Amino acid sequence: MKRRSGRKLAMLVMMTFVLSILAGCGGGGSETQDEQINVGINVELSGGVASYGTNSKDGMMLAIEQINAAGGVLGKQLNPIIKDCKSLPDEAMSVSANLVGEGIVAQLGPLTSGNVQGSTSVMMDNGIPLVAPAATAVNVTVDEKTGDIMDYIFRVCFIDPFQGTLMAEFASTNLEAKNAAIYMDASSDYGKGLAKYFKETFEANGGTIVTEEGFVKGDRDFKATLTKIKGHNPDFIYIPGYYEEAAPLIKQAREMGITAPIGGTDGWDSSDMVAVATAENLNNTYFTNHYSSQDTDPQIVAFVEAYKAKYNGKDPDSFAALGYDAVQLLVQAINDANSTEPEAITAALATIKDFQGITGKMTIDEQHNPVKAGVIIEFKDGGQVMKARIQP
Amino acid sequence: MQEKKRNWLSFGGEVLILAAIFTIVQYAITAGLLNQYYQINLASMVINIILAVSLNLINGFTGQLSLGHAGFMAVGAYASVIMTNMLGYPFIAGLLMACLAAALAGFIIGVPTLRLKGDYLAIATLAFGEVIRVVLQNIDAVNGPAGIVGISRLTTWPWLFGAMLLTILVVVNLVNSSYGRAIISVREDEIASELMGINTTSYKVLAFVFGAMFAGLAGALYAHYFYIIKPETFNFLKSFDILVMVVLGGLGSTTGAVIAAMFITVLTAVLQSFPAIRMILYALTLIIVMIYRPQGLMGNRELSRQTFGRIWGGRK
């Protein structure tokens, strides 16, 4: 009896398997409808960076909803096709191929640089444009070895070097710092790259880097290195890295009596920052970001209100804002091209000028990167206050 | 005499079936019947089959719980890319280098750790996989955490099919040889087989090295298909994915490993649009299988011409 039920179950599992193959075959061949514009959304909805993908998708969906409510693009409705790439580059590639099969005119996402690069070859093969909301690595749009531009890959975020430059400008101009210390996340290219560009700009502005130190992902005790930094008596400390390490680092620095202003990056943008480092310790710290939800610009206020209304009061983070902008940029390109042909959209994307997005006014340069402003945000008694908007 | 002739006949039949599968798929690709999406999933399916079959040799047949398979895959992937992309050798040299490097890594890890048993071995291999990843993250020559981008796509269907066939043939023949008997005896009762004069550690190392070698091969195929490799791709979750396939298919059944690898790949691909349901269904499938078939889909049985013979001809 027991054995038989086991066998039945094995049959059942096999049947599911066969059915799922059939379902897969059926799903691939859906025809494109003329009155709709299919837009592929290939984002990380599960896996390591699921929160980036989910927030960004929410921003994209808000934009698509608003555009469709206002009559769509070229008289047609946008039809988003959402698929999950599991935060893996190989899965991102498979998802892209799947979306291409469903007749998309362009793809939005994925969020991280590595996953965009997984998707790149499919987009290039099929000649369909990709707009990346938050892939900040330089080599996403340019092959660093050959210098070739990736013809179909675009983005709406600034690139890594810009953030380092931005903070250096802020430190030497607004804070009038002369001697800066760098304490970077040496286990990521992100940390290392930002530190390099900070140093270049800061020194070009006449400042001195008194010491360069590094930590690795997962470190929790920074006191030894902080003691060394304190000995150099810097008037500014730059910490390019993520909030997991930056929060305890700042807490320990303040407890050791280091009062110098501390600067960071968009990796700091997390509610955990205040929870771990405490509001008091975070005073006199600043970080660079894509936009601030506290901005009083009417366009941003309207976006934040609409987002909060749609998603139960959730505050839109940078990923949401960049996702929103990615949709708007694509729509602008479709309007400019007056066509839904992927080639025409690609050509229009490459020549967009003075596009006004939530994260700033941007012009796409010859390397497919937006030239746009970044913001400096200050932590003040646990809240984020927009300190400055710096145009490159 | 009669028996021998029949064996040759059925061998010829098998070759024919395999040749037919190969030709049909090859034709479908060149004639454009399989779109890119199906091709990509076919590639991941084959790569998963190689990974599952090779891990099954270690976990299923030898009975040593290894959780570092993604580490060997990473070694193979990076070794092959260094050969082809950075040094400009042909693809075959990259594949051979991947096998060699991964086998060597398997040997270096296997000798000290295979003296451990059960949980201890699992922890040691898990740690090894993570060490590989962290080491790769800190080597600037291979771009550290950002990984290598722009790998030329050299993996094609003939390579995939050939590699899969080679893996299955070697594993099946190894298991059916006298070495295989010794390997299985280690799984069944290590002390008893030691009493019978079997050098258990050397057989365990043998199985480990072969398993690692094919994982390296899979890594090389992966790298030359998916354009980008980075250390984060080969983290312990990747190892668990492969382990799930092996357990689902049945520890000690190559057929089971192949079926489970195909099943998981298809399941993942079909549910791309339903991320929430995917996680539930994935877990649910595993729970149901573990409750009703704790030995896995195939147990330790194989699908072979004898099985078909029994079903259709009533012959043994």
Side-chain angles (χ1 to χ4, degrees), chain A residues 5-6 8-10 12-14 16-17 20-21 23-25 27-28 42 45-48 50 53 81-91 93-101 113-115 117-118 120-122 125-126 137 139-140 143-146 186-190 192-193 216-217, chain B residues 35-41 43-44 47 85 134 137-138 140 143-147 149-151 153 222 225-230 232-233 235 237-238 248 259-260 262-276 278-279 281-282 285 288-289 291-299:
Chain A
S5 73
K8 257 189 205 158
L9 204 95
L12 199 78
V13 174
M14 287 300 287
T16 329
F17 174 47
S20 60
I21 289 182
C25 293
N42 175 358
L45 297 176
S46 63
I81 305 172
I82 305 170
K83 291 192 194 295
D84 171 26
C85 72
K86 285 174 77 184
S87 309
L88 294 171
D90 48 324
E91 200 64 29
M93 185 180 187
S94 164
V95 166
S96 286
N98 195 353
L99 290 168
V100 168
S113 300
N115 294 339
Q117 283 160 342
T120 297
S121 63
V122 174
D125 286 351
N126 292 286
N139 63 357
V140 166
D143 186 330
E144 279 183 323
K145 234 188 286 171
T146 60
S187 65
S188 75
D189 273 20
Y190 173 75
K192 286 194 232 174
V216 295
K217 197 177 162 71
Chain B
N35 69 22
Q36 207 172 13
Y37 172 58
Y38 290 107
Q39 286 183 32
I40 289 170
N41 280 298
S44 8
I47 290 166
N85 251 43
V134 173
Q137 268 180 357
N138 287 291
D140 285 334
N143 285 345
V149 189
I151 303 161
R153 178 178 284 189
Y222 176 94
Y225 198 87
F226 289 107
Y227 183 79
I228 169 176
I229 48 169
K230 50 178 193 168
E232 202 51 44
T233 311
N235 61 9
L237 289 172
K238 183 78 189 166
L248 189 67
I259 292 177
M262 291 168 78
F263 175 70
I264 298 271
T265 315
V266 172
L267 193 71
T268 315
V270 168
L271 296 176
Q272 270 170 0
S273 316
F274 318 101
R278 167 156 71 189
M279 302 316 284
L281 212 69
Y282 198 78
T285 319
I288 291 174
V289 170
I291 290 175
Y292 291 99
R293 278 196 73 78
Q295 69 274 52
L297 290 179
M298 294 295 292

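In what follows, every chain begins at residue 1, and chains take the letters A, B, ... in the order their sequences are listed. Values below: every heavy atom of this structure, side chains too, minus hydrogens, waters and symmetry copies. Predicted, not measured: the structure shown is a model, and the values here were computed from it.
Checking each of A/Asn139, A/Asp143, A/Val140 against B/Val149 for a side-chain contact (heavy atoms from CB on, under 4.5 Å) leaves exactly one that passes, namely A/Asn139.
Once rounded to the nearest 0.5 Å, the distance linking CG of A/Leu99 with OG of B/Ser273 reads 8.0 Å. To the nearest 0.5 Å, the span separating CD1 on B/Ile228 from CG on A/Asn115 amounts to 8.0 Å.
Of the listed residues (A/Leu45, A/Asp90, A/Val100), the one with the most heavy-atom contacts under 4.5 Å to chain B is A/Asp90. If you tally non-hydrogen atom pairs under 4.5 Å between each of B/Ala43, B/Gly144, B/Gly150, B/Pro145 and chain A, the highest count goes to B/Pro145. The greatest number of non-hydrogen atom pairs below 4.5 Å with chain B, out of A/Ser121, A/Ser94, A/Ser46, is found for A/Ser94.
Considering only heavy atoms from C-beta on, A/Val95 comes within 4.5 Å of B/Gln272 through its side chain. Considering only heavy atoms from C-beta on, B/Ile40 comes within 4.5 Å of A/Val122 through its side chain. A/Glu144 places none of its side-chain heavy atoms less than 4.5 Å from the side chain of B/Asn143. No side-chain heavy atom of B/Phe226 sits less than 4.5 Å from a side-chain heavy atom of A/Pro89.
The contact between A/Lys145 and chain B is made entirely by side chain atoms (from C-beta outward), counting heavy-atom distances below 4.5 Å. Neither the backbone nor the side chain of A/Asn42 has a heavy atom closer than 4.5 Å to any heavy atom of chain B. Neither the backbone nor the side chain of B/Phe274 comes within less than 4.5 Å of any heavy atom of chain A.
Considering all non-hydrogen atoms of both residues, B/Tyr227 and A/Gln117 come closest at CD2-O, 3.1 Å. Closest of all the heavy-atom pairs between B/Gln36 and A/Ala97 is C-CB, 4.0 Å.
Side-chain contact, B/Thr268 with A/Glu91: no donor N or O sits under 3.5 Å from an acceptor N or O.
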